[in-house]
Amino acid sequence: MEDHKKRVLISTEDIAQEVARLGREIHDFYNGKPLYILALLRGSFIFCADLVRAIDLPCRIGFMTTASYGHAEHSSGNVEVVTDIPDNIEGAEVLVVDDIIDTGYTMRFVLQHVLNKGAASVRCCSLLDKPSRRKVDHLVPDFCGFTIEDVFVVGYGLNYGDYYRNVPYIFNFEELPEEI
Ligand code: IMP
Ligand code: MG
């Protein structure tokens with residue numbers, strides 16, 4: 001599993017710089033209002049942990065897990081809640097945080113789910129965006145770190161076959177390992 005060549009796409013330093021910039025942008029946008037940050041598990045756990053420390057606002061933080069049928073590389077429009085939002089978010093300003101927006105099915109579903117629960121507003125922040133893969137209309141992250149090409153990326157929370165989430169930078173494989 002360690003033999004496959006990794007091509008570093010975004011270094012640890014570049015991620016840290018961008019996360020700090022996103023934190024300032026979010027701070028300035030919400031202008032002192034309390035926020036409810038909803039992190040989508042598992043992919044966003046590292047990004048969100050870094051991001052919340054860069055946001056100088058009163059924040060509640062909750063986690064939600066969704067699943068979509070099919071494999072991550074071929075996600076479908078059928079998204080379901082595995083673990084729901086643990087708090088009352090009625091009237092809250094909600095910011096949904098994810099690692100990557102790919103087809104957009106997951107984010108579209110979660111944004112609607114948050115509105116259904118009575119949030120005052122809902123916006124989204126994604127570390128990565130792959131707009132060329134989008135399958136849903138008009139979904140642009142309100143706060144976005146890096147726009148990337150259509151490559152399968154791993155590390156900094158993003159997995160391949162349950163592994164590599166702990167790698168502290170974002171990379172892709174020169175050749176995707178078949179078995180890990
Ligand atoms: P969606 O296709 O926008 O619904 O994205 C669903 C999920 O697929 C994301 O939250 C990621 O967990 C996963 N995903 C999409 N692209 C990649 C990738 O390049 N690497 C790792 N996971 C990915
Ligand atoms: Mg995910």
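Both counts, for ligands and for their atoms, begin at 1 and track the order of listing.
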Check: Who passes salt bridge (charged side-chain N to carboxylate O under 4.0 Å, His left out) against R134, sequence neighbours left out?
Finding: D129
Next item on the list: For atom 16 (N) of ligand 1, state which one of R165, M107, K130 supplies the nearest heavy atom.
Entry: K130
Checklist line | Selection from I100, N172, L40 by shortest heavy-atom distance to atom 9 (C) of ligand 1 | finding: I100
Check: Can you find an N/O atom of N159 closer than 3.5 Å to an N/O atom of ligand 1?
Finding: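 N159 vs ligand 1: no N/O contact under 3.5 Å.
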Notebook entry, point to check: Below 3.5 angstrom, do we get any N/O pair linking V154 and ligand 1?
Noted result: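 In fact, backbone or side chain, V154 has no N or O that close.
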Distance (rounded to the nearest 0.5 Å) between [X] [atom1] and [Y] [atom2]:
X: L35; Y: H27; atom1: CG; atom2: NE2; value: 10.5 Å
X: L9; Y: F146; atom1: CG; atom2: CZ; value: 10.5 Å
X: T83; Y: L41; atom1: OG1; atom2: CG; value: 7.5 Å
X: I100; Y: F152; atom1: CD1; atom2: CZ; value: 8.0 Å

Give the atoms of ligand 1, by number and element, whose distance to some non-hydrogen atom of [X] is under 4.0 Å.
X: V151; value: 19 (O)
X: T106; value: 1 (P), 4 (O), 5 (O), 6 (C)
X: T103; value: 1 (P), 2 (O), 3 (O), 4 (O)
X: D98; value: 10 (O)

Check: Listed by chain and number, what are the side-chain contact (heavy atoms from CB on, under 4.5 Å) partners of E80, not counting sequence neighbours?
Finding: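 A67, Y69.
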Notebook entry, point to check: At under 4.0 Å between heavy atoms, which part of D99 makes contact with ligand 1: side chain, backbone, both or neither?
Noted result: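 Looking at D99 and ligand 1, just side chain atoms fall under 4.0 Å.
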Notebook entry, point to check: Any idea which part of L158 is under 4.0 Å from ligand 1, heavy-atom wise: side chain, backbone, both or neither?
Noted result: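 Only the side chain of L158 comes within reach of ligand 1.
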Notebook entry, point to check: Linking I/L/V/M/F/W/Y whenever their side-chain heavy atoms sit closer than 4.5 Å, directly or via other members, would L115 and I85 fall into one cluster?
Noted result: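 Hydrophobic grouping puts L115 with I85.
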Note to self: Tell me whether ligand 1 is touched by G104 - counting only heavy atoms on the residue side and a distance under 4.0 Å.
What the structure shows: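 In this structure, G104 qualifies as a contact of ligand 1 - some heavy atom is under 4.0 Å.
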Item checked: SB check K117 D84 (cutoff 4.0 Å) -> yes
